[in-house]
Amino acid sequence: QVQLVESGGGSVQAGGSLRLSCAASGNLYLINAMGWYRQTPGNQRELVALIPNVGSTRYGDSVKGRFTISRDFAKGTVSLEMNNLKPEDTRIYFCAAGRGCIGGDCYERSIGMEYWGKGTLVTVSA
């Protein structure tokens, strides 16, 4: 099993920046992908950014150019630098990790992401 603990988040004005961090513990060898999702108004999970062990870093379309993900494979940590935040970025953000998946939009559908943190709230005011 893998446990994920998020830190960071909070409140900021539009145009500001925040940083989220996530630390994994347990059986880190189970992790082939690690990243961030956020909850949509319809309670779905939307991909924000993700780094697989093999392959390219992925970003959700709405955050490209504003958010940057980084991952320390040895330490089992992943961070998300969020710049130029907008009110529509106000969401609960979840750290996720898992065996990963191959092909198509599987990460966008959170396939192969078995482990989830409890979530951290990001609030952006206009």
Side-chain angles (χ1 to χ4, degrees):
Q1 292 296 315
V2 173
Q3 295 78 42
L4 302 173
V5 177
E6 301 117 334
S7 60
S11 299
V12 67
Q13 288 189 327
S17 299
L18 284 174
R19 180 180 179 88
L20 304 181
S21 297
C22 175
S25 60
N27 298 323
L28 300 187
Y29 67 89
L30 295 173
I31 299 175
N32 290 319
M34 195 169 181
W36 295 91
Y37 290 75
R38 64 188 186 184
Q39 192 169 16
T40 69
N43 282 337
Q44 301 295 313
R45 298 278 172 92
E46 175 189 25
L47 174 67
V48 178
L50 179 145
I51 300 179
N53 287 15
V54 177
S56 302
T57 298
R58 302 195 182 201
Y59 289 94
D61 289 340
S62 61
V63 306
K64 287 179 181 177
R66 300 187 297 124
F67 292 10
T68 303
I69 189 172
S70 59
R71 181 181 170 194
D72 187 319
F73 291 81
K75 294 182 178 179
T77 61
V78 66
S79 296
L80 185 69
E81 188 71 32
M82 304 183 292
N83 296 316
N84 190 22
L85 282 160
K86 304 176 181 181
E88 52 264 41
D89 294 319
T90 296
R91 304 280 184 86
I92 299 174
Y93 287 71
F94 296 91
C95 179
R99 70 184 186 278
C101 57
I102 297 174
D105 62 349
C106 62
Y107 284 122
E108 284 75 7
R109 293 184 285 137
S110 65
I111 293 173
M113 305 301 284
E114 298 94 347
Y115 309 106
W116 295 83
K118 294 182 178 181
T120 184
L121 178 62
V122 171
T123 303
V124 185
S125 58

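This one's a predicted model, so the numbers in the text were calculated from it and none came from an experiment.
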message = Checking Lys118 now: which residues fulfil side-chain contact (heavy atoms from CB on, under 4.5 Å) with it, not counting sequence neighbours?
response = Glu6
ask   = Among all residues two or more places apart in sequence or in another chain, which pass the side chain to side chain donor-acceptor pair (under 3.5 Å) test with Gln44?
value = none
Arg58: partners by salt bridge (charged side-chain N to carboxylate O under 4.0 Å, His left out), with sequence neighbours left out = Glu108
note = For residues 100-119, the ring-ring contact (aromatic ring centres under 6.0 Å, His included) pairs (sequence neighbours left out) are Tyr37-Trp116
ask   = Should we say atom CD of Gln3 is surrounded by more than 12 heavy atoms from elsewhere, each under 6.0 Å from it?
value = yes
Inter- and intrachain pairs under ring-ring contact (aromatic ring centres under 6.0 Å, His included), touching residues 38-61, at least two apart = none
remark   = So disulfide (SG to SG under 2.5 Å) across residues 96-126, not counting sequence neighbours, yields Cys101-Cys106
task = Check Ala126 against Ala14 and note the closest heavy-atom contact, atom names and distance.
result = CA-CB, 4.3 Å
key: Neighbour count above 12 (heavy atom, 6.0 Å) for Glu88 CD   = yes
message = Please say yes or no: joined through hydrophobic side-chain contacts below 4.5 Å, possibly via intermediate residues, are Val54 and Leu47 part of one cluster?
response = no
query = CD/Glu46 to CZ/Phe94 distance, rounded to the nearest 0.5 angstrom?
reply = 12.5 Å
request  = Find the distance between OG (Ser56) and CG (Leu50) and round it off to the nearest 0.5 Å.
outcome  = 11.0 Å
request  = Taking side chain to side chain donor-acceptor pair (under 3.5 Å) as the test, write out the residues that go with Arg19, two or more places apart.
outcome  = Ser79, Glu81
request  = Go through the steps for Leu80 and Arg38 under the test side chain to side chain contact (heavy atoms under 4.5 Å, CB included), then give the verdict.
outcome  = CA-CA 12 Å; Leu80 185 69; Arg38 64 188 186 184; over 6 Å; no
Verdict with reasoning, Arg91 to Val122, per side chain to side chain contact (heavy atoms under 4.5 Å, CB included) = CA-CA 6 Å; Arg91 304 280 184 86; Val122 171; over 6 Å; no
request  = Run the numbers on Met113 and Arg45 for side chain to side chain contact (heavy atoms under 4.5 Å, CB included), then give the verdict.
outcome  = CA-CA 11 Å; Met113 305 301 284; Arg45 298 278 172 92; over 6 Å; no
ask   = Does Thr123 have any side-chain contact (heavy atoms from CB on, under 4.5 Å) partners at least two apart in sequence or in another chain, and if so, which?
value = Ser11, Thr90, Leu121
request  = State plainly whether one hydrophobic cluster holds both Leu20 and Val48, where clusters connect Ile, Leu, Val, Met, Phe, Trp and Tyr through side-chain heavy atoms under 4.5 angstrom apart.
outcome  = yes
Exercise answer: donor-acceptor pairs, residues 66-74 side-chain atoms, under 3.5 Å, sequence neighbours excluded:
| from | atom 1 | to | atom 2 | distance (Å) |
| --- | --- | --- | --- | --- |
| Arg66 | NH1 | Asn84 | O | 3.0 |
| Arg66 | NH1 | Asp89 | OD2 | 2.7 |
| Arg66 | NH2 | Ser62 | O | 2.8 |
| Arg66 | NH2 | Asp89 | OD1 | 3.0 |
| Arg66 | NH2 | Asp89 | OD2 | 3.4 |
| Arg71 | NH1 | Ile51 | O | 2.8 |
| Arg71 | NH1 | Asn53 | OD1 | 2.8 |
| Arg71 | NH2 | Asn53 | OD1 | 2.8 |
| Asp72 | OD1 | Ala74 | N | 3.1 |
| Asp72 | OD1 | Lys75 | N | 3.0 |

remark   = Contacts of Ala24 meeting side-chain contact (heavy atoms from CB on, under 4.5 Å) (sequence neighbours excluded), chain-then-number -> Val2, Leu4, Leu28, Ile31, Met34
remark   = Residue set satisfying side-chain contact (heavy atoms from CB on, under 4.5 Å) with Val12, at least two apart, ordered chain then number -> Leu18, Leu85, Val124
task = For residues 68-100, pull every pair meeting disulfide (SG to SG under 2.5 Å), keeping only residues two or more places apart or in separate chains.
result = Cys22-Cys95
